[in-house]
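Data first, discussion second: the structure below is written as structure tokens.
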Amino acid sequence: MKKIFIALGFLIFTILLFFFLKNNNKGKYFKIEKKEIVNAVYASGYIDSENSVIIKSEVSGYVEKIYVKEGDIVKKGDVLATISNKTLLENLKEIEYQLSLYKEKLKEDSDYRRQFLENIKIKETNYEYLKNVYERRKNLYEKGLISKEQFEEITKNLKTAKEDYERTLLNYKDSIKDIEYQIKTLSARKSEIEKEIDKYYIKSPTDGTVLRKFVNEGDYINSMMQTNQLFSIGNTQKLETVLFVDEEYVPLIKEGMEVLIKIDSYQDKIFKGYIKTIERQSDRNSRTVKVKTLVNYNKPVLLNMTVEGNIILSKTEGILIPQQAYKSGYVEVLENGKKRKVKVDVENKDYNGMLRVLNGLKENQIVYYNE
């Protein structure tokens, strides 16, 4: 019985000793290797079409007709849709009618001109006749053959005839000038209305493909609202990737820098590209700057796909160790089966849970650390 208790006690001691040793040797080993250390700025964004445009309406009204569908190829100037503009068309029709009346009056053979000219001719004939009578009466008066009263009467008649002729002639000229002025004014007004009407014909500002149609026939468009988008036009053969970079990192980046892009659809694939342009205006709400990049997508992608990107600031070679291995300026190194503390200098920067060693370690050493 005594032997049984002794054996049982020894077994328990052995089990406890096993767990004690196991817990005290629990740790990880990390072999030091030189690796490429990348310093990058993270940004998210989406895939866009190069030189894509959102077409908005400058005017309000109901969408009367849509002439394209998504995927259609269009040329610059093609009419994509029309917005109802009946009032303007009626105004234009009225102005064109008034213009036609004035232009008709201005014609050389118009009834308006002819009546005026006939009246002028009558006034001129009467004036010329009275001038002749005046000359004869003047001669007779100077010879004393007619009275002063008779001469004064013809003088008065001549003056009246002259004023009447000149007034009629002046009225004619003023009338023609007024017609010309009315034509000029109406033509300018017509041009303004035509320009305004043209805004109701929604045209493509560029060659490209209809990427998206935001409205349907019968929809009401309010030009003063943010919902006045009609179409998105772009070139599906020329893609660009838009990244939104935090304002604080913008001074670190520049055009031409390498960009690495990840897409959820291809989780095991990294696409490479470079920065094409950096916009010079920040978004006040998100406090980000739009950066346009050109990326080589050798896989099928769709416009507006969400992407995650890293803009490469620099690449260097160096030694990295896990943060857990660094304790108050030291790490434990395994040499000849024994652990030894080694003093190291590290860079005060987090590389995804790793620290860069500046001094104290070399390749192929084994670092030991507890979890």
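Closest heavy-atom contact between Arg113 and Tyr172: NH1-OH, 2.7 Å. Listed here is the closest heavy atom pair of Phe244 and Val242: CZ-CG1, 4.0 Å. Closest non-hydrogen pair, Lys190 versus Leu92, comes out as CG-CD1, 3.6 Å. Closest non-hydrogen pair, Ile179 versus Lys105, comes out as CD1-CB, 3.8 Å. Among all heavy-atom pairs drawn from Leu320 and Tyr351, the shortest one is CD2-CD1, 4.3 Å. When all heavy atoms of Ser57 and Ile83 are compared, the pair lying nearest together is OG-CD1, 3.4 Å.
Side-chain contact between Ile221 and Ser60 is absent, with no heavy-atom pair separated by less than 4.5 Å. With a 4.5 Å cut-off on side-chain heavy atoms, Tyr134 and Thr155 count as touching. Within the 4.5 Å cutoff, the side chain of Asp78 has no heavy atoms near those of the Tyr67 side chain. Looking at Val333 and Lys339, their side chains never come closer than 4.5 Å, going by heavy atoms from C-beta outward. Using a 4.5 Å cut-off on side-chain heavy atoms (C-beta onward), Thr306 and Asp264 make no contact. Using a 4.5 Å heavy-atom cutoff, the side chains of Lys159 and Lys156 are not in contact. In this structure the side chain of Val291 never reaches within 4.5 angstrom of the side chain of Val250, judged on heavy atoms. Contact check for Asn228 versus Asn222: no side-chain heavy atoms found under the 4.5 Å cut-off.
The main-chain N or O of Ser187 is never found under 3.5 Å from a side-chain atom of Ser191 such that the two would form a donor-acceptor pair. In this structure a side-chain-to-backbone donor-acceptor pair under 3.5 Å is missing from Ser282 to Arg284. Judged by distance alone, with hydrogens and angles left aside, the side-chain atoms of Asp207 form a donor-acceptor pair with the main-chain N or O of Lys76 at under 3.5 Å. The main-chain N or O of Lys338 is never found under 3.5 Å from a side-chain atom of Asn336 such that the two would form a donor-acceptor pair. A donor-acceptor pair under 3.5 Å is formed between the side chain of Ser49 and the backbone N or O of Asn235. A distance-only check finds no donor-acceptor pair linking the side chain of Asp219 to the backbone of Val63 [under 3.5 Å]. Formation of a donor-acceptor pair under 3.5 Å by the Asn85 side chain with backbone atoms of Leu88 is not found in this model. Side-chain atoms of Asp72 come within 3.5 Å of backbone N or O of Lys69 as a donor-acceptor pair. A distance-only check finds a donor-acceptor pair linking the side chain of Asn171 to the backbone of Arg167 [under 3.5 Å].
Taking CZ from Phe116 and CG from Leu169, the interatomic distance works out to 10.0 Å, rounded to the nearest 0.5 Å. Atom-to-atom distance recorded for Leu355:CG and Asp345:CG is 12.0 Å, nearest 0.5 angstrom. Considering OH of Tyr165 and CD of Glu128, their distance stands at 7.5 Å, rounded to 0.5 Å. Rounded to the nearest 0.5 Å, atoms CG (Leu243) and CD1 (Ile275) are 8.0 Å apart. How far CG of Leu313 is from NZ of Lys254: 10.5 Å, rounded to the nearest 0.5 Å. The line from CD of Glu196 to CD of Glu192 is 9.5 Å long, rounded to the nearest 0.5 Å.
Remark: Tyr220 OH is packed, more than 12 non-hydrogen atoms of other residues, nucleotides or ligands lying under 6.0 Å away. Annotation: Arg287, atom CZ; neighbour count of heavy atoms from other residues, nucleotides and ligands within 6.0 Å does not exceed 12. Residue-environment remark: OH (Tyr181) stays at or below the threshold of 12 foreign heavy atoms within 6.0 Å. The local environment of NZ in Lys276 is crowded, with over 12 non-hydrogen atoms from other residues, nucleotides or ligands closer than 6.0 Å. Other residues, nucleotides and ligands place more than 12 heavy atoms under 6.0 Å from the CG atom of Leu117. For Asn352, the CG atom sits in a loose shell: 12 or fewer heavy atoms of surrounding residues, nucleotides or ligands are nearer than 6.0 Å. The 12-atom threshold is exceeded at CZ of Arg356, counting heavy atoms of other residues, nucleotides or ligands nearer than 6.0 Å. In the displayed structure, Tyr129 atom OH is contacted under 6.0 Å by at most 12 heavy atoms of other residues, nucleotides or ligands.
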Starting from the C-alpha separation in whole Å, work towards a yes-or-no answer on side-chain contact (heavy atoms from CB on, under 4.5 Å) for Ile233 and Leu80. CA-CA 11 Å; Ile233 304 289; Leu80 309 178; 4.3 Å; yes

Show your working on side-chain contact (heavy atoms from CB on, under 4.5 Å) between Glu180 and Leu106 and close with a plain yes or no. CA-CA 8 Å; Glu180 292 173 340; Leu106 201 58; 4.0 Å; yes

Go through Tyr368 and Asn370 one step at a time and tell me if the side-chain hydrogen bond (donor to acceptor under 3.5 Å, both in side chains) criterion holds. CA-CA 7 Å; Tyr368 173 85; Asn370 292 323; 3.2 Å; yes

Evaluate side-chain contact (heavy atoms from CB on, under 4.5 Å) for Ile32 paired with Lys362, printing each intermediate quantity in order. CA-CA 7 Å; Ile32 296 175; Lys362 58 185 178 180; over 6 Å; no

Starting from the C-alpha separation in whole Å, work towards a yes-or-no answer on side-chain contact (heavy atoms from CB on, under 4.5 Å) for Leu230 and Phe214. CA-CA 5 Å; Leu230 302 176; Phe214 297 96; 5.8 Å; no

Assess whether salt bridge (charged side-chain N to carboxylate O under 4.0 Å, His left out) is satisfied between Arg114 and Asp111, documenting all intermediate values. CA-CA 5 Å; Arg114 189 174 62 252; Asp111 290 341; 2.3 Å; yes

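Taking hydrophobic clusters as Ile, Leu, Val, Met, Phe, Trp and Tyr residues chained together by side-chain heavy-atom distances below 4.5 Å, Tyr330 does not share a cluster with Tyr326. In the hydrophobic cluster analysis, where Ile, Leu, Val, Met, Phe, Trp and Tyr join through side-chain heavy atoms closer than 4.5 angstrom, Leu260 is grouped apart from Ile311. Both Val295 and Val301 are assigned to one and the same hydrophobic cluster, defined by single-linkage of ILVMFWY side chains at heavy-atom distances under 4.5 Å. No continuous path of hydrophobic side-chain contacts links Phe271 to Val38 [ILVMFWY only; heavy atoms under 4.5 Å]. Both Tyr112 and Tyr102 are members of a single hydrophobic cluster when ILVMFWY side chains are connected at heavy-atom separations under 4.5 Å.
Ring-plane geometry between Tyr141 and Phe151 is classed as parallel, the angle between the planes falling under 30 degrees on a 0 to 90 degree scale with a further cut at 60.
Pairs engaging residues 288-316 under the salt bridge (Lys or Arg N to Asp or Glu O under 4.0 Å) rule: Glu240-Lys292, Glu258-Lys315 [sequence neighbours left out].
Only one option out of Glu332, Lys31, Glu335 pairs with Ile366 in a side chain to side chain contact (heavy atoms under 4.5 Å, CB included); it is Lys31.
Remark: Lys213 is not positioned above the aromatic ring of Phe231, lacking an NZ or CZ atom under 6.0 angstrom from the ring centre and at most 45 degrees off the axis.
With respect to Asp198 and Lys195, no salt bridge is recorded, no charged nitrogen being found less than 4.0 Å from a carboxylate O.
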